[in-house]
Amino acid sequence: MLDPKYIREHAAEVKKNCARRNVKVDLDRFLDLDVERLELTRSVEALRAERNSVAAAVKGATDRDALVAKGKALKDDITAKEAELAEKEGEWKSILLQIPNLTHPETPDGKTDEENVEIRQVGKVVKMKDPLDHVALAEKHDLIDFARGAKVAGAKFYFLKGKMALLEQALIRFALDYLTKEGYVALSTPDLAKDEVLLGTGFNPRGDETQIYSIENSDLSLIGTAEIAVGGYHMDEILPEEGTPIKYAAVSHCYRTEAGTYGRESYGLYRVHQFSKVEMFIFCAPDQSEALHQELLRHEEEIFKMLEIPYRVVDICTGDLGGPAYRKYDLEAWMWGRGDGKGGWGEVTSTSNCTDYQARRLNVRVKSKDGNIQFVHTLNGTAIAVSRALIAILENHQQEDGSIMIPKALVPYCGFDRIG
RNA sequence: GGAGAGGUGGCAGAGUGGUCGAACGCGCCACACUCGAAAUGUGGUGUUCCUUCACGGGAACCGUGGGUUCGAAUCCCACCCUCUCCGCCA
């Protein structure tokens, strides 16, 4: 969420930002409520101050009964005003949470993902006569069992089998090794998190449009990304500035309901209910986030270069940014199975600078040497989303003879250099 | 899952209805002493919000949420977490 004080003092700018991002929020209502809330707060506090002084005077007073009566009356006033305040504050908060983060000045304007801007393409797409998509390749080599996945857990679940199961572990370890050398601390996270943590990281676990599985009769949900678990890791903490930036490489399973996304766009492994992922997450001082965002992008590119997969970098436009993101880049890898069989780009990673938007909700702060305390900036980026990386590997490294070459960087981790 | 103990400031640890945002100690910061350091001494040292040009004033926070009371860290209820023992179990 944004700083309410900032919204109050920069209302026009915030309103314009919401419009740019194609987010509909009743900012005027928020500003009205903000005034009412402040007035009520002041009167509640004045009443409490009076109650406190009356209560302090009761002990040993001669007119004790009169003071007690006054105290009782004040108590009723306070209860009433507090209820009024709680109501206003509830509505105020719900609007506040809908207001998106500010936007990087260089972020391209646009309404949908079609207006995202390609920054560069890296690597060459190897032309093939009749490229197979990953589903066909997996069938040919018995690598993924969608039918039995559906039997066991329903549509959009799957078993990785044989060399594919080994490749999953190889990818994870490959990413962890690379990031560990770059100074990231490896983390294996809980697959469940409390609603409080979900909300803090900007995910709504129980709304109508949620992509999150929640556990009945509990305040727990299955995480959709390790970003949630790691975001909560330092919740309610004040970090010493000399310890920042703190960089994590977190491995977790990711669970997504993917409501209403069946069809060609979610074919095969592309959009599934569960997958494994190595996620980069950084907590840093505000002046570090811009450079670290570039660093995350560099790591993502480095990983796909090592996997020898052609990709392009996309600057996500205002309308396609999620609420918490200040700026976001995606890496899209070439996939033969997309674009009606002619091949196309498919998202494989995403990195966001969330500035202090998540940190304010999660209450994670940094304290500098001079005692100055501010909210940290948080950033996240995909190192490897296993299911989509597997699509890219299968479809780009298939050979004329139908076999699949394993990228050299991965061979030491999986122990074989080809499939088939 | 059962029985018991406990959750208080950076740490450790008192406080069991008003004089408590909270003792003592450690740590940390500043100053003094010193060529410098250690030791010693003196002072300071939580967060959030409201208000004030400022000095300052006010409110809230003692695991979380309710309740009792004129008044709650302190009493009551529920929940969460930690520790010890038993049971079960990768």
Side-chain angles (χ1 to χ4, degrees), chain A residues 1-9 30-93 95-97 188-200 205-206 214-221 229 232-244 246 252-253 283 285-286 356-376:
Chain A
M1 72 190 180
L2 289 182
D3 182 358
K5 198 179 281 178
Y6 186 90
I7 301 171
R8 202 178 297 150
E9 289 164 5
F30 175 82
L31 293 167
D32 288 346
L33 283 165
D34 190 53
V35 172
E36 292 181 50
R37 189 189 65 94
L38 273 180
E39 280 168 2
L40 279 167
T41 302
R42 276 192 282 268
S43 64
V44 165
E45 287 187 1
L47 285 169
R48 283 188 190 146
E50 199 182 346
R51 175 206 56 197
N52 288 349
S53 71
V54 168
V58 167
K59 200 191 177 192
T62 48
D63 55 345
R64 194 191 146 86
D65 290 348
L67 285 172
V68 168
K70 194 172 178 191
K72 279 186 180 173
L74 281 167
K75 185 161 72 169
D76 292 341
D77 291 350
I78 290 169
T79 308
K81 274 268 192 275
E82 277 176 342
E84 202 181 333
L85 176 61
E87 195 193 319
K88 297 284 183 201
E89 207 155 40
E91 195 189 341
W92 176 86
K93 189 78 186 274
I95 299 178
L96 178 60
L97 294 181
S188 174
T189 81
D191 282 351
L192 293 105
K194 296 180 185 178
D195 289 348
E196 178 194 357
V197 176
L198 280 279
L199 289 166
R206 315 260 166 179
S214 50
I215 307 292
E216 208 175 356
N217 300 322
S218 79
D219 64 343
L220 291 170
S221 297
Y233 190 72
H234 288 297
M235 189 165 70
D236 294 321
E237 292 183 24
I238 298 178
L239 310 167
E241 188 173 28
E242 55 277 21
T244 63
I246 307 181
S252 80
H253 292 121
F283 296 88
D356 60 1
Y357 191 88
Q358 281 181 330
R360 183 168 287 108
R361 275 205 232 179
L362 289 166
N363 194 27
V364 185
R365 290 169 289 175
V366 260
K367 186 176 199 170
S368 62
K369 278 229 175 71
D370 57 20
N372 190 24
I373 291 179
Q374 13 176 206
F375 288 105
V376 297

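Note on naming: letters A, B, ... go to the chains in the order of the sequence lines (proteins, then strands), and numbering restarts at 1 for each one.
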List the atom of P190(A), the atom of A229(A), and the distance in Å for their closest heavy-atom pair.
O-CB, 4.1 Å

Any idea which heavy atoms bring L67(A) and V54(A) closest together, and the distance?
O-CG1, 3.4 Å

Distance check needed: C80(B) P versus D219(A) CG, whole Å only.
9 Å

Looking at every non-hydrogen atom in both residues, tell me the closest pair between L33(A) and I95(A) and how far apart they are.
CD1-CD1, 4.0 Å

Taking pairing as Watson-Crick or G-U wobble with both contacts under 3.5 Å, can you name the mate of U16(B), or confirm there isn't one?
none

Return no unless some side-chain N or O of K75(A) is found under 4.0 Å from OP1 or OP2 of C70(B).
yes

Across all strands, who's sitting opposite U42(B) as a Watson-Crick or G-U wobble pair, both distances under 3.5 Å?
A30(B)

Spacing of the P atoms in C88(B) and G1(B) (rounded, Å):
15 Å

Look through every strand shown and name the nucleotide pairing with G25(B) as Watson-Crick or G-U wobble, where both distances are under 3.5 Å.
C11(B)

What residues form a side chain to side chain donor-acceptor pair (under 3.5 Å) with E196(A), not counting sequence neighbours?
none

Does R48(A) form a side-chain contact (heavy atoms from CB on, under 4.5 Å) with I78(A)? I'd like the steps, not just the answer.
CA-CA 7 Å; R48(A) 283 188 190 146; I78(A) 290 169; 4.2 Å; yes

R37(A) side-chain N/O to C50(B) phosphate OP1/OP2 under 4.0 Å:
no

Atom C1', compared across U40(B) and A59(B): separation rounded to whole Å:
41 Å

Within this structure, what is the CD1-to-P distance between I78(A) and U68(B), rounded to whole angstrom?
14 Å

Paired with A90(B): which nucleotide, if any, by Watson-Crick or G-U wobble criteria at under 3.5 Å for both distances?
none

Between L47(A) (CG) and C50(B) (C1'), how many Å, whole number?
14 Å

Who pairs with E50(A) by salt bridge (Lys or Arg N to Asp or Glu O under 4.0 Å), at least two apart in sequence or on another chain?
K70(A)

Which of the following nucleotides, C50(B), G71(B), U48(B), is nearest to the side chain of R51(A)?
G71(B)

Taking atom C1' in both G21(B) and C61(B), compute the distance separating them and give it to the nearest angstrom.
9 Å

Assess whether a salt bridge exists between E91(A) and R37(A), defined as any Lys/Arg side-chain N lying under 4.0 Å from an Asp/Glu carboxylate O.
no

Pick the P atom in C55(B) and in G6(B), then give their distance to the nearest Å.
45 Å

Opposite nucleotide pairing with C55(B), Watson-Crick or G-U, both atom distances under 3.5 Å:
none

Between C50(B), U47(B), G71(B), spot the one nearest the side chain of L38(A), thanks.
C50(B)

By ring-ring contact (aromatic ring centres under 6.0 Å, His included), F375(A) pairs with (sequence neighbours left out) none

To the nearest angstrom, how far is K70(A) atom NZ from U69(B) atom C1'?
18 Å

Complement of A78(B), any strand, by Watson-Crick or G-U distances under 3.5 angstrom
U64(B)

Length of the CE-C1' vector between M235(A) and U47(B), whole Å:
17 Å

Between atom CG in D34(A) and atom C1' in C49(B), what is the gap in whole Å?
13 Å

Measure CG/L362(A) against P/U48(B) and give the value in whole Å, please.
17 Å

Would you mind telling me which of A59(B), U51(B), C70(B) lies closest to the side-chain atoms of K72(A)?
C70(B)

List, with names and distances, any nitrogen or oxygen atoms from the protein found under 3.5 Å away from nitrogen or oxygen atoms belonging to nucleotides 15-20 of chain B.
residue	atom	partner	partner atom	Å
G18(B)	N2	A55(A)	O	2.5

Determine which nucleotide pairs with G36(B), using a 3.5 Å limit on both distances of a Watson-Crick or G-U wobble pair.
none

Residues D34(A), R8(A); criterion salt bridge (Lys or Arg N to Asp or Glu O under 4.0 Å); working and verdict:
CA-CA 8 Å; D34(A) 190 53; R8(A) 202 178 297 150; 2.5 Å; yes

Going by the angle between their ring planes, with limits at 30° and 60°, are W92(A) and F30(A) parallel, tilted or perpendicular?
parallel

Integer-rounded Å distance: G71(B) P and L74(A) CG:
9 Å

Please enumerate all protein N or O atoms sitting under 3.5 Å from an N or O of nucleotides 52-58 of chain B, with distances to 0.1 Å.
residue	atom	partner	partner atom	Å
G58(B)	N2	E45(A)	OE1	2.9

Taking the same atom, C1', in A23(B) and in U74(B), what whole-Å distance lies between them?
16 Å

Between G4(B) and C89(B), how far apart are the P atoms? Round to whole Å, please.
24 Å

Residues passing the side chain to side chain donor-acceptor pair (under 3.5 Å) test with S252(A), sequence neighbours excluded, are none

Between S53(A) and I238(A), which is nearer to the 5' end of RNA chain B once each is assigned its nearest nucleotide?
I238(A)

